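Counting starts at 1 for both ligands and their atoms, in listed order. Just so it is clear, the structure is predicted and the values come from calculations on it, not from any experiment.
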Amino acid sequence: MSKTPMMQQYEQAKATAGEAILLFRMGDFYELFHDDAKVAAKVLGLTLTSRDKSENPVPMAGFPHHQLDSYLAKLIRAGYRVAVCDQVENPQQAKGLVRREVTRILSPGTITDNSILEPTQNNYLIAVAPTNDLSSFGLAWVELSTGQFVAAQGDAAVMLDLIERLNPAEALVPQNQRTPLAWGSPSFALTTRPDWTFSPARAKDTLYKQFHVSTLEGFGFDDSDSLAIIAAAAIVHYLSETQAASLDHINVLHAFRRGECLEIDQATWRSLEISRTIRNQQREGSLLATIDRSVTAMGSRLLGQWLMAPLVQPAAIEQRQDSIAELVRENRLRENLRQDLKQIHDLERVISRVFTGRATPRDLKQISASLTRLPGLRERLVGRTSYWLQFLQVEIDPCPDLQELLDRAIVDDAPLQTSSGGYIRPGYDSELDDWRELASGGKRWIAEYQQKIIQESGIGSLKVGFNKVFGYYIEVTNVHQTKIPDYFIRKQTLKNVERYITPELKEYEDKVLSAEQQSLDRELLLFDQLRETTRAYAARLKQLGEQLAMLDLLAALAELAVQQKYCRPEITTGTELILRDGRHPVLDIVQPLGVFVPNDTCLDAENGWIHLITGPNMAGKSTYIRQVALITLMAQIGSFVPAKQAMIGIVDRIFARVGASDELSRGQSTFMVEMTETARILNTATSRSLVILDEIGRGTSTYDGVSLAWAIAEYLHEQIGCRTLFATHYHELTELEKNFRGVKNYNVSVREWEEKIVFLHKIIPGGADKSYGIHVAQLAGVPDWVNRRAQQILNQLQSKQQPTDRERMANAGSRAAQVQLTLFEVSEHPLIDKIKRLDTGHLTPLSALEMLHGWQQELQQVAAKKSRVD
Ligand code: ADP
């Protein structure tokens, strides 16, 4: 491309934009060049053309400027960062080339635009500050649209779990340092940043400046939190660089501490389908979406945050429960509060636009409309008994002055833009009223003037018109040209008509046009003042948003409890987990009423803390064990639970290793993934954890699988002693019950009826003794021929009374148990005796080696003999 001045300007803008896609304003279009054009062609479906077709063609694509918002949204949703380069001076007044500048850089993690944001979902930008060996890292996350800002630090694995739960839109990582995020293909945009923005030396100062403080101790951070602080500072740097607006709404940094909430690792989070389903990664069908009864987007987002960090302190859980209980009891109160809340807008996001100076007239109207509801809502909370309702009654601040001002100032149906005016109420400002009257009075004058000159000239068909280029004019058809009075000044000749102006008309035109402009200017000035006044309330309004989210969520959980007939779980400091008639929270809601079969769970010292659940495929094992994990999770956010009665000893971590099929798409060996996750459970579970395991060991051969499952169950019993639900189709494992006090067998009952089976989905004590694999194949539509033949083979195998695979496995299983139990007593092999008799105190290294060699030969000879016999 030859370097025209325009293209030089483009390259400068491109340098500012960095890795972002540049939308370059040229006249009425936004244009993209080079690789940006190719991306746009693919993502936006634009036609790819080229500039400088002859010598050096440059790929180019573009779209009309008024389509900017929708194209921006598409690029951001596709995970791109986008820089917008605008004309920053009026092209008509520019001398030479119009000045252009990058005015905004948008990225998936920094959007505040309502049309792109999902109202009910948090949209997080995170930063990751790793140690050199990547063993641990600092992690900070911010939601620019609400100002929520949090930092944490810890082991890499724990931080990665947190990232999975946050489901960020964009992550900042240092440019030249490896980070754990580069592994795999993350589902978020990865933005590399200069290393200095992660510099430990500057981090604190950056945050001091942001929060106007001289220590971070007030936020609960000290010197041991350096990684968390670096990550938080990296976010502030990035935002200050990319956001032209103020960051004042980011005024608090919260510390997220391990141990203050229930931990849920990545695999568990995914397999319990808490915020997204495994199958299609959608929110729809997840626990979050299914149990959400909030009436404000703020409540929905808060539910997401609560599920991400369930509580571990019984007192805090009970505080939430108390308020939910009160709202369950008080039907009228709950219904009225929910009616009030329905009228309240997304204050958290509106307020951040006030802070950043981007509030629209509609935003201010939404604030005043929301505030209007608050005195009544507060009144309803008077005299309530539970902690949170009392707290909210005291804390909710209806800001009456602001409400009155905004209500008086802004019209009911306020527009999104200020450009065409009309959003300030008549009567609010007398100067504005005067200008408006003149503007409309002027128009009336034109009509009267037309009448007047018709009479003066006698030309009945004469018209006074207006267009943007010529302003006001008098239009006369050619037929009447002879009647034109002297004071008409010819202005324009068209096909059959002539257009004129008069000095009087010109004078009025100036007045009217300027009155319109004056009124627009005045309105804007008043609006700026209103914005500033509102800004002074912004910190209070931000808190108000949080309080209303809390109230909405408590009422929503109460509503859910009433609708679905939940019970209030008793939270204890013990290690029991007892549910009577527990139901799966999602299936309970999505299945028709009465279809779901409830089940009891009784994990405790008396009834065993490891339950082995056997039963054929499709019987309902996975559903059952997931339901116990989900009920526990719900209980620890303070919610009531789908059961008739529940007693839950606080759980510190939930681990779920369920099925392996979902991992295939991640390109890892299924079995390897299964074992990695199992290893993590065995290495990190504590006696307070809840472990649910589904079909462990399925990814390998049967013998391997049973042996591993067996050993894992033993380890959980002997070494960890945590509450465990172990679903398996290896019936051999039921033998474990005989050897271990804490292990109890359960199975899912199945009824056989005319060679068919009926799944009753009922968990009953005892082990299952049949697989029903062929029946399930039949249900699944495997051709009859195959089913009949399989039944014949099965009958033959059983009638020959040869040990079936299963029986062999059972024997192997009990042998394995024997070996495990008698490991230190084994004495059959002659070599063992020899080793026992050794006098190691007088053994030289050489003689030891010779002895070893001798034993090895002995063993090899035995093995060779055995293989000849076989
Ligand atoms: P398994 O793990 O034993 O193979 P699943 O838990 O996957 O079986 O359940 C199989 C099917 O049975 C699912 O479609 C589920 O909806 C249904 N189901 C499971 N448990 C119940 C229950 N308690 N009540 C009603 N339907 C159930």
Side-chain angles (χ1 to χ4, degrees), residues 267-268 270-274 277-280 284-287 290-291 564-566 579-602 611-632 634 641-644 646 656-663 670 674 691-699 705 709 724-734 745-753 756-782:
T268 305
R270 282 198 297 269
S271 57
L272 290 179
E273 304 191 305
I274 299 169
T277 57
I278 294 175
R279 190 182 282 259
N280 52 15
E284 183 79 34
S286 67
L287 176 72
T290 314
I291 64 167
Q564 297 302 125
K565 299 193 169 49
Y566 284 2
L579 306 173
R580 197 157 66 77
D581 279 352
R583 280 123 52 204
H584 188 289
V586 175
L587 287 183
D588 181 42
I589 292 173
V590 298
Q591 285 189 350
L593 196 71
V595 168
F596 194 83
V597 181
N599 273 302
D600 295 344
T601 306
C602 195
H611 290 185
L612 275 174
I613 297 121
T614 42
N617 284 327
M618 286 300 288
K621 301 183 297 297
S622 311
T623 308
Y624 172 68
I625 61 174
R626 281 165 191 249
Q627 112 188 1
V628 175
L630 291 172
I631 287 176
T632 307
M634 285 176 75
V641 297
K644 282 226 171 87
R657 173 58 242 171
V658 184
S661 54
D662 58 304
E663 302 298 343
T670 319
E674 183 180 331
V691 174
I692 68 169
L693 297 170
D694 195 2
E695 301 291 7
I696 281 293
R698 197 148 141 165
T724 305
L725 291 173
F726 201 129
T728 180
H729 71 296
Y730 294 138
H731 304 144
E732 298 76 17
L733 295 189
T734 54
N745 287 330
Y746 285 86
N747 71 89
V748 200
S749 58
V750 165
R751 186 170 295 160
E752 284 186 69
W753 184 68
K756 293 212 171 77
I757 51 164
V758 182
F759 296 116
L760 300 178
H761 303 307
K762 200 76 192 165
I763 307 286
I764 51 171
D769 55 358
K770 262 178 108 171
S771 290
Y772 299 100
I774 297 173
H775 296 86
V776 175
Q778 203 172 7
L779 283 182
V782 171

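Closer than 4.0 angstrom to ligand 1 lie heavy atoms from Leu587, Gln591, Val595, Phe596, Val597, Pro616, Asn617, Met618, Ala619, Gly620, Lys621, Ser622, Thr623, His761.
Across all their heavy atoms, Ile631 and Pro642 have their closest contact at CD1-O, 3.7 Å. Listed here is the closest heavy atom pair of Val750 and Phe759: CG2-CD2, 4.0 Å.
A side chain to side chain contact (heavy atoms under 4.5 Å, CB included) with Leu272 is found for exactly one of Ile692, Val586, Leu287, namely Ile692. Here the rule is side chain to side chain contact (heavy atoms under 4.5 Å, CB included) with Phe596, and of Val590, Ile589, Leu587 only Leu587 fits it. Of the residues listed (Ile764, Ile613, Leu760), the one engaging Val748 in a side chain to side chain contact (heavy atoms under 4.5 Å, CB included) is Ile613, and it is the only one.
Applying the salt bridge (charged side-chain N to carboxylate O under 4.0 Å, His left out) test to Asp600 and every residue at least two apart in sequence or in another chain returns nothing.
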